[in-house]
Every structure is written in structure tokens, then in C-alpha cells.
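First up is the structure itself, then whatever we jot down about it.
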Amino acid sequence: MKEDLHEDLTHCISGDVYTDGDVVHTRSIDTSLFSLQPQAVVFPRTVADVQALVAYASSHGLSLTGRSAGTGMDGGALSESIVVDFGSYFTTIGVITADVRGDSGHVSVQPGVLYRTFEKETLKRNFLMPSYPASRELCMIGGMTANNAGGELTLRYGKVENFVESIRAVLSDGNEYVLGPLSHDELHIKLLQRDFEGDIYRNMYTLVTDSYDSIQKARPKVSKNSAGYALWSVYDRERDIFDLSKLFVGSQGTLGLITETTFRLIRPNQHSVMVVVFLDSIEDLERYVSITLAHKPTTFESYDDKTLTLALRFFWEFIKRLGVRNIFSLAIHNISEALSILRYGIPQLVLQITFDGDDVLALRAQAEQLAHDLIPLQPRYTQVVSSKKEMDEYWLIRRESFNLLRQRVHGKKTAPFIDDIVVPPDTLSEFLPKLYAILDEYKEYMVHNIAGHIGNGNFHIIPLMDLTNEKARAVIPEVARRVYDLVLSYGGSTTGEHNDGIIRTPFLKQQFGDEMYALFEKTKKIFDPKNIFNPGKKVGGTLEYAMMHIKKE
């Protein structure tokens, strides 16, 4: 069977085909807690290869799951059929152009381009696509688009969906199409077409207009969401713009395979100033958030006492990552923080707020004004930081603590299953104690710390667990249900930027209700009637299937 499949696919495409060996094994896992063995892994060289793969899968009852870097935490890039890896050949960055005024840029990029390579090229022209995730050094453009990625700059700039201008994708009829914003007249032309593309536009137009009010009502009320299909963004009724690229961003390759994304770019700011705040209690957290957001910061991050304890526990590891030459700078600049910790203990929460711009004096004044406005709340410690070295030290704790936890806690592995929750920021003082209470009940099985984008109410909890322990694995669905029940009771979302994949698809009906879930199913059927593209993600996934495929190593 493997030999026949290998032979068929080799004759089908000009790219590379593997049905066993290390290539297949490495594509059976990603950074999620799942393992699925694919029948084949293919590396298409051209769009024609992708089209041929769609035709082959359609005629042989197989499926195709797109993959780029495999840095996702939800199992979205895993399959038991054919994995289509774009990382080898779909690596072209187009010409970067500027608009007439010069303050915005535009560029088309293939899905296998590493974000760090992409950013290096855009910065040469003094442009930036700012919606990068924490995995910016590892992730690729395809995954960022398919998951609707976000990160520390989302508070100011929004997610990937805010920067996608158009998408090229191969759909289930085997043809490549351009998806982007259409005016009333342009849409009318599409609706008159008597072909597969015309069918899609007619069916999707009917779906979003007939259920317009229900769809808009179902739109998550939080500022970040990657759950479900973004049906609420397809039709802008006020501007009379219809845009199916909004649906493809965040669809996890379940509607077609993206072959190119065109982004809008911005000019990056030149300077940054940070405000660091230590809190001994989260009792007044909503007031801290309200006051801080009123100052319109660029980023507003947080990490808890467990994260800071971890940083102290692995102090020398952080020193290595900063560079040994920075140790004296670290000691001098952080003596006040150290004295505060020695005298009062580890703070319950650390707030990390930045202001970015081109006038460093104005930024400093803005940061100092925020620090002043927080005085009535009596934070334990507040400092305004303008040195890049000092800011890097704080960013290192925020960005690297989880990696150190994963590497240094022996006998336990990462188990991201409640890793991307979002709630309205004005509920945090009430929500967080309840969340901690749930997690503390399972400390026998889990080690965890919480860090997040507090300005968006978005928190990352990635427990470490011994997945060889049957009892530990058994608590995963129980914890997930309890945490998601809590999140949804506050009007939140199960995922702000990591998407649904294998782990969260089973909770979509709970989040959106039967009516919206049925619309998700109809959307999938319109684009992919034979269920070729990444089945079991977004619709059709079950918790039983997820639990059957948890890694045991």
C-alpha cells in the first residue's frame, strides 16, 4: 500500500514524496500534545503540484493537511492521510512596494517563508508586518495566516487578519483562485458565473446575508479570537464589501490550500519605553487594566509569580541567553527589583507595558504619566525603563520562561490544551482567582505558569505533565471542560490566536451554539464537499479522537 501510494504521488507531482523514515516521523508531531502518523508527506514545488495533489486526493478518498513550520500547539498540522509541507519550495518573497504616500507597503509571500526571513527583508525597506507570534524565530507565513496569528503587538495593531489584503488558494476543484475584497459590482459579476467559483460566491453570499444578524451576534466580544470560521468578517454591509480572504485567514487549511498571501506593511517605530509594575494582589487588577489602556500603550503583557520564581530558579540560564557580558548591567539595573523581592517576596503579578514611537522624550513622558496615575492603587513597585538592555531582560522572562520550564522539569512534557484563553479584561479580578482555583486542584498532575497579553485578556497556560501516566492523561478533558466553562461564562473565547485544531474543535459548538456551528458545517461543505482539506479541524472533531492521539512518550 505504501509502495503504491509512493509511486502514485511520485508520478503525480514534481516535488518530493516520503511514505516512511524520519521525514514522516517528524511530521507526525508538532508542538501540540498529539501524534498522528501520516500515510505520506509531500513537498510540492509548484502550484501545479498542489493542484495535482487535490485532484489525486479527491479521486482516491484521501485528505490533504497543509503544514509549514509545525510550531502550532493545537495539532492543526497533523494528519493520518497526506501532509503537504510547504517549507522546502514555497519560499518566495515578492517585490516590496510602497504606496504613494510611503507610509504603507505591500508584499506577496509564499507559505513556506520563515517569518524571521520575511521580517529581515521588510526591515531593509523600513517596513514591518507587526502581527507576529512569540514563535517569530521559528514560524512560517503559512501557519501565521492559517491560524490568524497574533502576539505582543496585537493590542495596538491587531492580528494577521488586519494585514491580509488578498490570498491565493487552491480549492477543491483543483484550481487556484485569488480571494480578496470585492465591491458591489465585482461581487455581482462573480455571482453570475456558472462555474465552481460562482457557486462558492452564490452560496456564501446567501449564507452570510440570510443569517447576517445571527452571525454578527455570535461574533466573540473579546478583542482576539481564532475560534471557528470568521463569518462575521466576510460581508461589510456598511461599505458593501464582500471578502472571502477574511474567511480563509484562521481557517487552518480546512477550506483550501493557501499558496500565497499579500500583506499590508507598516513603518516600524524607532523607540520604546517600558513601565514595569509589581502587584502583591490582583484584587484591583481591573483598575490597573482600565487606567493603563486609557494611555493607549503599544503592548501590555503580564506574568505571574510562578513565572518569576522560574526565572530566579534558572537565573544562570537567563544570564546565558542575555550574554555573560550583561551580568553586571543586569545586577546594577535590577538592584531595586531585587531588594523589593528580598524584602517583600515574589510579587503575585508583574505587569509589563510599553509605549513605542519616534520621539523618545515624548514616550518617556507618557510612561511616567502612567506610572504617576497608578500611584493611588498603591502598587508595590513601579519603574520606567528606557534602556534597550533593561527592556530585553524583562522581555526575556516573558518570552523564554516557558521554554526553560519545558527544558528543565524532568519527567514531564508540554501539554498545551488550555493554552490560549481570552476573557474581557474588565473581568480579570474575578476571573483569575477562579481559574487559579481550578488549576490548583490538579497540581498533583500538572506544573504550570501563566503569562499573557493582559491588555487583551489573553492568557497562555501550558501545563507540563507526565503523559505516560494514565491518571494524568485522564484529567485533560476534565480540566479543559472546567476551564472552558469558566471562560465562556465570562463571554470569552477558547482561543485568541492559537486556533482550534484537534484540541479545541470539540468545544466550538459549546462556544457558538448549534445555529452557528451548523453554519460552520455549511461553510465547510460549500468549499470542500468531499472533505479533502484537513478534516476534523473546525468541524467534525471529537474529544474522543483527540484523547486517542495524545503522545505517550
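Position 1 is the first residue of the sequence; numbering continues from there.
- Checked against the 6.0 Å centroid threshold, F533 and F527 do not count as a close aromatic pair.
- G76 and D30 make their closest contact through N-OD2, 4.2 Å (heavy atoms, listed as atom of the first residue, atom of the second, distance).
- When side chains are defined from C-beta on, R267 counts as touching F127, because their heavy atoms get closer than 4.5 Å.
- Between D485 and R482, none of the side-chain N atoms (NZ, or NE/NH1/NH2) sits under 4.0 Å from a carboxylate O, so this pair counts as no salt bridge.
- A donor-acceptor pair under 3.5 Å links the side-chain atoms of S68 to the main chain of G143, judged by distance alone.
- In this structure, a donor-acceptor pair under 3.5 Å is absent between the side chains of K538 and T523.
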**Q.** Step-by-step side-chain contact (heavy atoms from CB on, under 4.5 Å) determination, Y56 to I532
**A.** CA-CA 10 Å; Y56 182 82; I532 295 169; over 6 Å; no

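- For the residue pair L192 and R202, the shortest heavy atom distance occurs at C-NH1, 4.1 Å.
- The side-chain tip of R168 does not point at the ring of Y177 from less than 6.0 angstrom away and within 45° of straight on.
- Taking 4.5 Å as the limit, every side-chain heavy atom of E260 sits out of range of all side-chain heavy atoms of V47.
- Taking the six-membered ring for Trp and thresholds of 30 and 60 degrees, H549 and Y545 have ring planes inclined between 30 and 60 degrees apart.
- Between Y484 and F507, the angle of the ring planes goes over 60°, which puts this pair in the perpendicular group of the 30/60° scheme.
- Between the side chains of D528 and S172, no donor-acceptor pair is found at a separation under 3.5 Å.
- Heavy atoms only, all atoms of each residue included: A40 and L9 are closest at CB-CD1, 3.7 Å.
- We find the CD1-CG distance between I13 and D8 to be 11.5 Å, quoted to the nearest 0.5 Å.
- Taking the six-membered ring where tryptophan is involved, the planes of H453 and H460 are perpendicular, since the angle between them exceeds 60° and thus also 30°.
- Between the side chains of S183 and D185, no donor N or O sits under 3.5 Å from an acceptor N or O.
- The cationic atom of R45 (NZ for Lys, CZ for Arg) lies less than 6.0 Å from the six-membered ring centre of Y89 and within 45° of the ring axis.
- Proximity of Y157 to N162: side-chain heavy atoms (C-beta onward) are nowhere separated by under 4.5 Å.
- Here the options are D74, N148, D419, the test is side chain to side chain donor-acceptor pair (under 3.5 Å), and the partner is H498; only D419 passes.
- Other residues, nucleotides and ligands contribute more than 12 heavy atoms inside 6.0 Å of the CD atom of Q193.
- In this pair, H184 and H188 present their aromatic rings parallel. The plane angle is below 30°, not in the 30 to 60° band.
- Donor-acceptor pairing under 3.5 Å is recorded for the side chains of T259 and E176.
- Using a 4.0 Å cut-off between a side-chain N of Lys or Arg and a carboxylate O of Asp or Glu, E121 and K124 qualify as a salt bridge.
- A donor-acceptor contact shorter than 3.5 Å is absent between the side chain of S211 and the backbone of V208.
- Here the side chains of S63 and N531 are not in contact, with every heavy-atom distance at 4.5 Å or above.
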Q) What do the steps show when you test S245 against D243 for side-chain hydrogen bond (donor to acceptor under 3.5 Å, both in side chains), and what is the final call? A) CA-CA 5 Å; S245 73; D243 187 355; 2.6 Å; yes

Q: Let me see the working for T31 and T414 under side-chain contact (heavy atoms from CB on, under 4.5 Å), right down to the final yes or no.
A: CA-CA 8 Å; T31 56; T414 56; over 6 Å; no

Q: Please assess Y115 against S135 for the test side-chain hydrogen bond (donor to acceptor under 3.5 Å, both in side chains), listing each intermediate value before the final yes or no.
A: CA-CA 9 Å; Y115 176 79; S135 59; over 6 Å; no

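- Inter-residue side-chain proximity for T91 and T117 is flagged as unmet; no heavy-atom pair is nearer than 4.5 Å.
- Between L467 and R473, the shortest heavy-atom distance links the atoms O-NH1, 2.6 Å.
- Taking each heavy atom of A415 and M465 in turn, the nearest pair found is CB-SD, 3.7 Å.
- Between F512 and W232, the ring planes lie parallel to each other; the angle is under 30°, not in the 30° to 60° tilted range.
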Q: List the steps and the verdict of side-chain contact (heavy atoms from CB on, under 4.5 Å) for I418 and L439.
A: CA-CA 11 Å; I418 45 172; L439 298 178; 3.7 Å; yes

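- The number of heavy atoms from other shown groups lying within 6.0 Å of NZ (K525) does not exceed 12.
- If you check the side chains of T254 and K537, you find no donor sitting under 3.5 Å from an acceptor.
- At least one side-chain heavy atom of R219 sits under 4.5 Å from a side-chain heavy atom of S233.
- Salt-bridge check for E197 with K190: passed, with a basic side-chain N closer than 4.0 Å to an acidic carboxylate O.
- For the pair S166 (side chain) and T262 (backbone), a donor-acceptor distance under 3.5 Å is absent.
- Scanning all heavy atoms of the two residues, the minimum distance from F417 to I476 falls at CE1-O, 3.5 Å.
- By the neighbour-count criterion of 12 heavy atoms within 6.0 Å, atom CG of D22 is sparsely surrounded, having that number or fewer from other residues, nucleotides or ligands.
- Annotation: side chain of L508 is not in contact with side chain of M516 (no heavy-atom distance under 4.5 Å).
- When side chains are defined from C-beta on, F43 does not count as touching D49, because their heavy atoms never get closer than 4.5 Å.
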